[in-house]
Amino acid sequence: MNDQFLDAPVAAPDDLTPEERARIAPYVTNTTGSVFALVNLPEAVKGALFARYSRSAKSLRRILLEEFLPPQDLGAPAGEGPGAERAEAFFQRVLADYGDDSVAQLGAAHIAVEGASNILTKILQWGRLASYLEQSTRYIAYDDRPAGQFRYHRPSAVIAHAELGPDYVATLDDVFETYAELIPLLVAHLDAFVRSDGAVPDVARTRAIRARALDGLRGLLPAATRSNVGIFASGQAFEAMLVRMLAHPLPEARDCAALMLSELRQVIPAFLTRVDRPDRGAVHGAYLGEIARAARDLANAIIEPGTGEPGVSVRLLEFDPSGEARVLSHALWAGGTSSLADVTNQVARLSTEQVAGHLATIAGERRDRRHRPGRALEATTYTFEVVCDYGAYRDLQRHRLLSLQAQPLTPALGYDVPDDVAAAGLAERYVTVQERCAALYRALDAQIPEAAAYAVTMAHRIRFTMVMNAREAMHLIELRSQPQGHESYRHVAQAMHREIAEVAGHNAIAAMMRFVDHTGAGGGRMDAEARLERRRRDAALQSPPS
């Protein structure tokens with residue numbers, strides 16, 4: 001890697017031969033770096049590549065070579081040939097199974113960032129106006145050692161430190177070794193514990209057990225853990241992202257932004273001319289850095305430190321007591337010709353029961369959680385303060401149509417030991433990892449504070465706020481409460497639903513969220529895998545013989 005970018009993401013070796021690199025060269029902006037863009041490919045192929053990317057441990061180049069450019073396509077363009085046909089088939093399979101400034105919006109690009117730390121992934125995904133897919137910690141085990149090294153980021157300032165460098169590497173190596181050793185132990189425990197019956201095919205049961213084990217152990221992974229991120233965005237969205245990242249205090253973010261800008265200028269150069277101009281992007285980035293420092297300094301000066309919550313918490317801090325009437329008023333206004341003031345005054349004369357009945361009518365017969373009422377639900381908002389583990393935060397932070405702010409990631413709010421881990425007799429080793437990482441955090445924070453968060457595990461809690469309207473709340477709560485989801489964010493979604501009904505008193509809006517699942521852990525993952533197998537079997541039976 002260029003020494004100019006010591007903290008840039010480092011991709012795992014993909015072992016492509018010179019001949020293989022020559023084959024993919026027409027379709028990527030570079031064949032060796034950790035950041036590259038896709039070119040000369042149909043949109044279907046690019047989209048399918050990124051969809052496949054999120055559930056594969058392979059590099060994007062390897063997936064492109066093995067799954068979209070097979071040997072028989074040698075010399076044939078990928079644009080209209082079999083590669084496009086395979087992409088369409090891939091989409092069908094995925095859908096069946098799993099169910100002025102404005103000018104800059106007209107140019108778009110796909111870009112891959114490989115080997116990004118989990119701190120960097122959240123920085124990349126902060127913007128609302130882009131599409132992201134990230135390598136999953138729920139389906140992929142991080143127990144391999146590409147080129148003899150576990151997959152975690154090594155900040156140059158830390159590695160160069162005579163004392164902290166060796167301590168950092170030794171601690172995180174031990175963390176990953178523990179993670180790798182505990183996976184088969186937890187899988188064996190769950191294999192003996194989880195039911196086995198004829199309703200669930202063996203292959204589905206095996207997948208469900210392994211995924212549940214990875215769920216239980218992901219709290220061991222530090223925030224330094226490397227991941228792959230696929231991004232599709234307009235030139236406008238990339239400009240905002242890069243300006244923000246180039247001004248970020250984290251060296252990894254700045255180095256990554258410089259590499260992204262270089263690659264994107266090979267694809268959509270006209271839309272990124274302002275990013276590093278001294279009078280445009282540079283001064284904008286400087287402003288962002290100034291206000292961030294000002295807010296931090298002001299908080300330290302006038303706010304007394306509070307006490308941390310003893311555990312996970314979800315609190316509804318702000319809401320509109322007349323929110324249900326506001327939603328109904330906006331819904332009725334859109335269907336008529338009266339002014340909003342007139343409609344609001346008339347709705348104010350209705351009883352609580354009448355408002356609830358009318359809201360039920362407006363919601364209609366929702367046959368699927370994707371069937372959501374219109375924008376009238378956006379007329380009322382909720383402000384939640386959440387304390388949960390960093391792993392769950394990573395999933396919840398992906399929701400774009402809300403306003404999210406988070407406090408710094410530290411080990412100060414503690415952690416929980418997952419029930420499955422405790423039941424398997426692995427709690428002591430789990431706790432040892434958490435305490436070692438907390439100690440490493442404190443050592444880093446004292447001398448290289450910008451790198452300290454890399455040592456915090458996904459089990460440690462973080463405090464953040466989410467401000468969302470009722471329509472986004474319906475989407476988030478119903479999606480994140482599903483039985484196949486991770487228990488950490490399921491608890492958050494379920495608690496949000498209760499807060500809306502019990503604290504805000506918005507029982508009618510809560511009732512509209514009819515696909516919220518309040519069940520316990522149970523066999524949600526197993527049931528989901530069983531349904532997937534049934535759909536695959538049914539699709540195979542319906543397919544005509546070749």
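Computed from heavy atoms alone, side chains included, the values below leave out hydrogens, waters and symmetry copies. We count residues from 1, following the sequence as given.
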Counting distance only, does the side-chain N/O of R461 pair as donor-acceptor with the main-chain N or O of L413 below 3.5 Å? yes
As a quick check of understanding, evaluate side-chain contact (heavy atoms from CB on, under 4.5 Å) for L288 and H248, giving each step before the final call. CA-CA 9 Å; L288 295 176; H248 202 279; over 6 Å; no
Worked verdict on L250 versus I123 for side-chain contact (heavy atoms from CB on, under 4.5 Å): CA-CA 10 Å; L250 195 69; I123 297 171; 4.0 Å; yes
Can you tell if the side chain of L214 reaches within under 4.5 Å of the side chain of T137, non-hydrogen atoms only? no
How close do R471 and P373 get, counting heavy atoms only, and between which atoms? NE-O, 2.6 Å
Locate the shortest heavy-atom distance separating P9 from A116; write the atom from each residue and the value. CB-N, 3.9 Å
Is the backbone N or O of V283 less than 3.5 Å from a side-chain atom of R277, with the two atoms forming a donor-acceptor pair by type? no
Least distance between heavy atoms, C256 atom then L124 atom: SG-CD2, 4.4 Å
Got a donor-acceptor contact below 3.5 angstrom from the Q482 side chain to the F515 backbone? yes
Specify whether H506 and F319 have parallel, tilted or perpendicular ring planes, treating 30° as the upper limit for parallel and 60° as the lower limit for perpendicular. perpendicular
Could you measure the distance from the CG atom of D215 to the OG atom of S488? Nearest 0.5 Å is fine. 8.5 Å
Taking H371's backbone N and O only, do any of them form a donor-acceptor pair with R366's side chain (distance below 3.5 Å, no angle check)? yes
Heavy-atom distance under 4.5 Å between the side chains of L409 and I119, does that happen here? yes
When rounded to the nearest 0.5 Å, the distance separating CG of L65 from CZ of R61 is 11.5 Å
Output yes when a side-chain donor or acceptor of R151 lies under 3.5 Å from a complementary backbone atom of D144, and no otherwise. no
Between the side chain of R154 and the main-chain N/O of Y152, is any donor-acceptor distance below 3.5 Å? yes
List the atom pairs, with distances to 0.1 Å, where a side-chain N or O of residues 257-266 and a protein N or O form a donor-acceptor pair under 3.5 Å, not counting sequence neighbours.
{"from": "E263", "atom 1": "OE1", "to": "T29", "atom 2": "OG1", "distance (Å)": "2.7"}
{"from": "E263", "atom 1": "OE1", "to": "N30", "atom 2": "ND2", "distance (Å)": "3.2"}
{"from": "E263", "atom 1": "OE1", "to": "Q266", "atom 2": "NE2", "distance (Å)": "3.3"}
{"from": "E263", "atom 1": "OE2", "to": "N30", "atom 2": "ND2", "distance (Å)": "3.4"}
{"from": "R265", "atom 1": "NH1", "to": "D276", "atom 2": "OD2", "distance (Å)": "3.1"}
{"from": "R265", "atom 1": "NH2", "to": "L272", "atom 2": "O", "distance (Å)": "2.9"}
{"from": "R265", "atom 1": "NH2", "to": "D276", "atom 2": "OD1", "distance (Å)": "2.8"}

Nearest-0.5 Å distance that lies between atom CG in L120 and atom CE in M245: 5.0 Å
List for me each residue that meets salt bridge (charged side-chain N to carboxylate O under 4.0 Å, His left out) alongside E19, sequence neighbours excluded, and say none if there are none. none
Please walk me through it: do D7 and S156 pass side chain to side chain donor-acceptor pair (under 3.5 Å)? CA-CA 6 Å; D7 283 285; S156 61; 2.6 Å; yes
Decide if the gap between the ring center of F176 and the ring center of Y142 is smaller than 6.0 angstrom. no
Answer yes or no: is there a donor N or O on one side and an acceptor on the other, between the side chain of N118 and the main chain of T225, under 3.5 Å? yes
Step-by-step side-chain contact (heavy atoms from CB on, under 4.5 Å) determination, L49 to I63: CA-CA 7 Å; L49 271 168; I63 298 171; 3.9 Å; yes
Output for pair (T380 OG1, I509 CD1), nearest 0.5 Å, gives 5.5 Å
Polar contact flag, side-chain donor to acceptor under 3.5 angstrom, Y441-H460: no
Do F36 and E114 have side chains that get closer than 4.5 Å, going by heavy atoms? yes
If only atom types and distance count, is the side chain of S56 paired as donor or acceptor with the main-chain N or O of Y53 below 3.5 Å? no
Beyond-backbone contact of S34 with V113, side-chain heavy atoms, under 4.5 angstrom: no
Residue pair L172 / F150, side-chain heavy-atom distance below 4.5 Å: no
Are R398 and D395 ion-paired here, with the side-chain N under 4.0 Å from a carboxylate O? yes
Would you please classify the geometry between the Y489 ring and the H486 ring as parallel, tilted or perpendicular, with 30° and 60° separating the classes? tilted
R62 vs E20, test: salt bridge (Lys or Arg N to Asp or Glu O under 4.0 Å). Steps then yes/no. CA-CA 9 Å; R62 175 62 69 183; E20 290 173 330; 3.4 Å; yes
Got a salt bridge between R394 and E134, using NZ or NE/NH1/NH2 to carboxylate O under 4.0 Å? yes
T465 backbone acceptor or donor facing E385 side chain under 3.5 Å: no
So does E252 pair up with R254, basic N to acidic O under 4.0 Å? no
Sub-4.5 Å side-chain heavy-atom contact between M512 and L377: yes
Between R280 and E239, is the salt bridge (Lys or Arg N to Asp or Glu O under 4.0 Å) condition met? List the steps. CA-CA 11 Å; R280 299 301 295 268; E239 180 183 61; over 6 Å; no
List the atom of I462, the atom of P408, and the distance in Å for their closest heavy-atom pair. CG1-O, 4.4 Å
Starting at CG of L402, measure out to CZ of F384 and round the result to the nearest 0.5 Å. 11.0 Å
With H110 as partner, the option from F232, F238, Y132 fulfilling ring pair (Phe, Tyr, Trp, His ring centres under 6.0 Å) is F232
Residues L404, Q397; criterion side-chain contact (heavy atoms from CB on, under 4.5 Å); working and verdict: CA-CA 7 Å; L404 183 146; Q397 187 263 349; 4.2 Å; yes
How close do L38 and V28 get, counting heavy atoms only, and between which atoms? CD2-CG1, 4.0 Å
Which heavy-atom pair separates L444 from A455 by the least distance, and what is that distance? CD1-CB, 4.1 Å
Stepwise, does the side chain to side chain donor-acceptor pair (under 3.5 Å) test hold for R244 with H284? CA-CA 8 Å; R244 174 172 46 81; H284 184 192; over 6 Å; no
Can you tell me how far CZ of R226 sits from CG of N228, rounded to the nearest 0.5 angstrom? 10.5 Å
Are side-chain heavy atoms of R369 and L479 found at a separation under 4.5 Å? yes
Are M496 and V386 side-chain neighbours, meaning at least one heavy-atom pair lies under 4.5 Å? yes
Check whether S481 reaches the backbone of D517 with its side chain - one donor and one acceptor, N or O, closer than 3.5 Å. yes
